[in-house]
**Q** 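Sharing a structure, written as structure tokens. Questions coming.
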Amino acid sequence: MSKFIFITGGVVSSLGKGLASAALGALLQARGYKVRLRKLDPYLNVDPGTMSPYQHGEVYVTDDGAETDLDLGHYERFTGVPAKRSDNVTTGQLYMDVLARERRGDYLGATIQVIPHVTDAIKTFVKSDLLDEDFVLCEIGGTVGDIESLPFLEAIRQLGNELGREKSLFVHLTLVPFIASAGELKTKPTQHSVKELQSVGIQPDILLCRSEVDIPEEQRRKIALFCNIRPDAVIAALDVKSIYNVPLSYHAEGFDNEVCRHFGLLEHFPEPDLSVWRQISQTVAKPEGSVKVAIVGKYTSLLDSYKSLAEALTHGGIANNIKVEVNWIDAEIFEKDNTIHHLNGVNGILVPGGFGERGAEGKIAAVKFARERNIPYLGICFGMQMAVIESARNLSGILEAGSTEFGECNEPVVGLLTEWKKGEITEERGEKSALGGTMRLGAYECDLTKGSRVREIYGRDRINERHRHRYEVNIDYKDRLEAAGLIFSGMSPDRKLPEIVEIPDHPWFVAVQFHPELKSKPFDPHPLFRHFVNAAVDQSRLV
Ligand code: GLN
């Protein structure tokens, strides 16, 4: 049976609990264990799919079509284990399920309560859909002390009891701030946070303390004394230059050792194999040069909205021994006169996924610049749709080309996706369909045209990539666009949905309807990002 590691956070949010969980997963893997990571989110939305990117950051999509928390992206990037729908749940989802059961009469006669009905649903979720995993790492969203997270804390407290110490472990992530005026590290916030956790019946086994500077022995002892744990179980989680240094840093501080010690596993696996992480860290630390890539998007004020994208570009850089410097540019600036010069000097332009009309014309202007100036272009989802509109207007002369996402349109080069095949099932949507979880979501196959650039990049005829969109490029315009030089080089297997377009007569112009960034990993950079960055390197040599 799997061992369960519960990861909570205290003091403040944004300490990087997701990253901490992912890095611990990677360390356990490096010792030969099979891991699974999951996240419990305390908010009431059924999933983050309907939230604004400004609220929530990126929505991470799994192969099986779930819209999930961005931490699942960290989990996948650090462990390579594909995340599933069963790896993320929200309070909203749990209540929806409990209430549906109540209506069906499953609890007939009972008063439905948070304890035991909701807590039972949480416990069932945590233990569900597991195979032969050695460790299940379960992150609790939010910060200890929030009202919303109480049922989750109660559920994991119960689980800890039921599983016993030999099958469960509680890790608590806190902050040990450095107060410059006093020249001291302060342990009080950590003490308070642990007290809060103890008040709901959870005694942490390991404290992971975020800190700018090393935590001296004396402070460690103090934390240990007040928080009721051994000094060795106070682990410093020091600030590092790259997130890909985190596994190495944690290991140096003894985190994975302490976890294995708790479970009595140290004798069997003396040292993890961290060669992959050493290699990645070295490449990130000492690149041979740099390229500039402009990301022309709309949620650029909250970079969490583009988490996987930023990481995938870093991976593309790793593959080329290059540092990718990203210029985040708000597309709307290109809707004003004389602003396109902001793109001067960039070696690549990327228009990412997006929703709604705001900024669309600015994105189209950026695509035009990339196409006309021979600058490598990668369009993702919305970035493909805008590229097609740009070619339709400026290459095929379809001046009114637009997307029905922005309202009625005389030349709907991009239109609402009303019917598509998911395996044997036909999915249907209309103007009035509900918005939650109804996009074309998850992994779909795509056939690549022989002789195309993407066929060469992937080295395969058929690929499988993740989607999240409601609109699609209108196949009716294919012939006119191809005649003008925009080739449809990737199609759904039934040949109905355009998945990739490219311009052969351009140094590197590829736009895809799916989200390749979701599958990229530092130890396995996605081919599109590898080649896009490579094209940017070539471009940089020209200037
Ligand atoms: N808004 C577009 C659609 O729904 C693109 C979505 C996206 O970029 N993820 O089709």
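Just so you know, ligand 1 is whichever comes first in the structure, and atom 1 is the first atom listed for that ligand.
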**Q** Does the separation of the ring centres of Phe529 and His315 fall below 6.0 angstrom?
**A** no
**Q** Using the salt bridge (Lys or Arg N to Asp or Glu O under 4.0 Å) criterion, which residues pair with Glu445? Sequence neighbours excluded.
**A**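 Partners of Glu445 by the salt bridge (Lys or Arg N to Asp or Glu O under 4.0 Å) criterion, ordered by chain and then number, come out as Arg462.
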**Q** Tabulation required: pairs of a nitrogen or oxygen in ligand 1 and a protein nitrogen or oxygen under 3.5 Å; columns are atom names and distance to 0.1 Å; otherwise 'none'.
**A**
{"from": "ligand 1", "atom 1": "1 (N)", "to": "Gly354", "atom 2": "O", "distance (Å)": "2.9"}
{"from": "ligand 1", "atom 1": "1 (N)", "to": "Glu405", "atom 2": "OE1", "distance (Å)": "2.8"}
{"from": "ligand 1", "atom 1": "1 (N)", "to": "Glu405", "atom 2": "OE2", "distance (Å)": "2.9"}
{"from": "ligand 1", "atom 1": "4 (O)", "to": "Arg470", "atom 2": "N", "distance (Å)": "2.9"}
{"from": "ligand 1", "atom 1": "8 (O)", "to": "Gly354", "atom 2": "N", "distance (Å)": "2.9"}
{"from": "ligand 1", "atom 1": "8 (O)", "to": "Gly354", "atom 2": "O", "distance (Å)": "3.4"}
{"from": "ligand 1", "atom 1": "8 (O)", "to": "Phe382", "atom 2": "N", "distance (Å)": "3.1"}
{"from": "ligand 1", "atom 1": "9 (N)", "to": "Arg468", "atom 2": "O", "distance (Å)": "2.9"}
{"from": "ligand 1", "atom 1": "9 (N)", "to": "His515", "atom 2": "NE2", "distance (Å)": "3.2"}
{"from": "ligand 1", "atom 1": "10 (O)", "to": "Gln385", "atom 2": "NE2", "distance (Å)": "3.1"}
{"from": "ligand 1", "atom 1": "10 (O)", "to": "Arg470", "atom 2": "N", "distance (Å)": "3.1"}
{"from": "ligand 1", "atom 1": "10 (O)", "to": "Tyr471", "atom 2": "N", "distance (Å)": "2.8"}
{"from": "ligand 1", "atom 1": "10 (O)", "to": "Tyr471", "atom 2": "O", "distance (Å)": "3.4"}

**Q** In chain order, what residues pass the side-chain hydrogen bond (donor to acceptor under 3.5 Å, both in side chains) check against His506, with sequence neighbours excluded?
**A** none
**Q** Which residues satisfy the side-chain hydrogen bond (donor to acceptor under 3.5 Å, both in side chains) test with Tyr250, sequence neighbours excluded?
**A**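 Not a single residue meets the side-chain hydrogen bond (donor to acceptor under 3.5 Å, both in side chains) criterion with Tyr250.
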**Q** Using 30° and 60° as the class boundaries, would you call the ring planes of His56 and Tyr43 parallel, tilted or perpendicular?
**A** perpendicular
**Q** Please tell me whether Tyr377 and Trp508 form a close aromatic pair, meaning their ring centres lie under 6.0 Å apart.
**A**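 Centroid separation for Tyr377 and Trp508: 6.0 Å or greater.
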